[in-house]
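One structure below.
What you are looking at is a predicted structure, and each value in this text was computed from that prediction instead of being measured.
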Amino acid sequence: DERDSQYVGEQRMVMELDAAEVICLTLCSAESERVQDEAFRLGKNMLNRGFTEGQDKFLQFFTNKDPESLFFFAIRDRIRACRHALTDYTTAKEINEASAEKFKAPCEQILQIFNFMAQLCEGHNLETQNILREQPYALKTCNLFEESLDFVVLQGKNMAEVRQMNSFEAELLESTL
């Protein structure tokens with residue numbers, strides 16, 4: 001269909017502009033949450049519908065242009081920050097439901113992270129899955145799957161009864177599964 005081919009054409013155009021590298025470098029260094037959000041959005045659009053050429057561009061960056069795994073450590077740090085925010089959210093919610101609202105925004109970034117990681121691996125992209133788990137081309141490595149599992153375990157501890165989850169908590173849980 002014409003809209004699909006137009007969309008794929010737009011994905012190719014973005015990919016040819018080395019957007020994967022720009023996205024990864026932005027996620028490594030941007031302190032602004034808004035800039036990070038936009039980088040995730042662009043990355044998800046570039047990878048949408050299992051666009052393998054986009055996945056390959058990210059893989060090239062991971063294997064050839066990030067020998068110190070800066071991207072992976074930045075994502076790991078964001079997952080950990082979300083884990084801390086989830087703990088703060090849960091604690092505040094126990095005290096006063098309304099006071100927990102201010103901890104939602106940091107927790108919501110996990111939705112973007114996990115969605116982005118899933119799209120990197122879409123289509124059972126085993127090479128990218130292995131890179132996310134362990135970066136064999138890098139001087140230092142970190143295991144993003146283990147970090148994600150730690151987040152899921154924390155959710156299980158904090159939200160022991162699924163029936164008591166509000167819609168926000170259910171969305172967080174769904175994104176990690």
Is there side-chain contact between [X] and [Y], with heavy atoms separated by less than 4.5 Å?
| X | Y | value |
| --- | --- | --- |
| Phe40 | Ile113 | yes |
| Asn143 | Glu147 | no |
| Phe61 | Asp18 | no |
| Leu120 | Phe62 | yes |
| Arg78 | Gln36 | yes |

Q: Mind running side-chain contact (heavy atoms from CB on, under 4.5 Å) on Glu122 and Leu47 for me, showing each step along the way?
A: CA-CA 9 Å; Glu122 186 145 335; Leu47 296 167; over 6 Å; no

Q: Evaluate the criterion side-chain contact (heavy atoms from CB on, under 4.5 Å) for residue pair Tyr89 and Lys93; output intermediate values, then yes/no.
A: CA-CA 6 Å; Tyr89 171 81; Lys93 186 178 169 216; 4.0 Å; yes

Do [X] and [Y] share a hydrophobic cluster, counting only Ile, Leu, Val, Met, Phe, Trp and Tyr and linking them when any side-chain heavy atoms are less than 4.5 Å apart?
| X | Y | value |
| --- | --- | --- |
| Ile75 | Phe73 | no |
| Val35 | Leu42 | no |
| Phe51 | Met117 | yes |
| Leu70 | Phe72 | no |

What distance do [X] atom [atom1] and [Y] atom [atom2] have between them, rounded to the nearest 0.5 Å?
| X | Y | atom1 | atom2 | value |
| --- | --- | --- | --- | --- |
| Phe71 | Ser29 | CZ | OG | 12.0 Å |
| Thr128 | Asp56 | OG1 | CG | 7.5 Å |
| Leu132 | Cys121 | CG | SG | 4.5 Å |
| His84 | Leu154 | NE2 | CG | 9.5 Å |

Q: For Glu127, look at atom CD and say whether over 12 heavy atoms of other residues, nucleotides or ligands are found less than 6.0 Å away.
A: no

(Q) Within the supplied structure, the quantity of interest is the number of heavy atoms (other residues, nucleotides, ligands) at a distance under 6.0 Å from Glu68 CD; does it exceed 12? (A)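 Counting other residues, nucleotides and ligands, CD of Glu68 stays at 12 neighbours or fewer.
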
Shortest non-hydrogen separation from [X] to [Y] and the atoms involved:
| X | Y | answer |
| --- | --- | --- |
| Ile23 | Ala39 | CG2-O, 3.6 Å |
| Met46 | Gly54 | CE-CA, 4.1 Å |
| Asn45 | Gln11 | O-NE2, 3.0 Å |

Q: Verify the ring-centre separation between Phe58 and Phe116: is it less than 6.0 angstrom?
A: yes

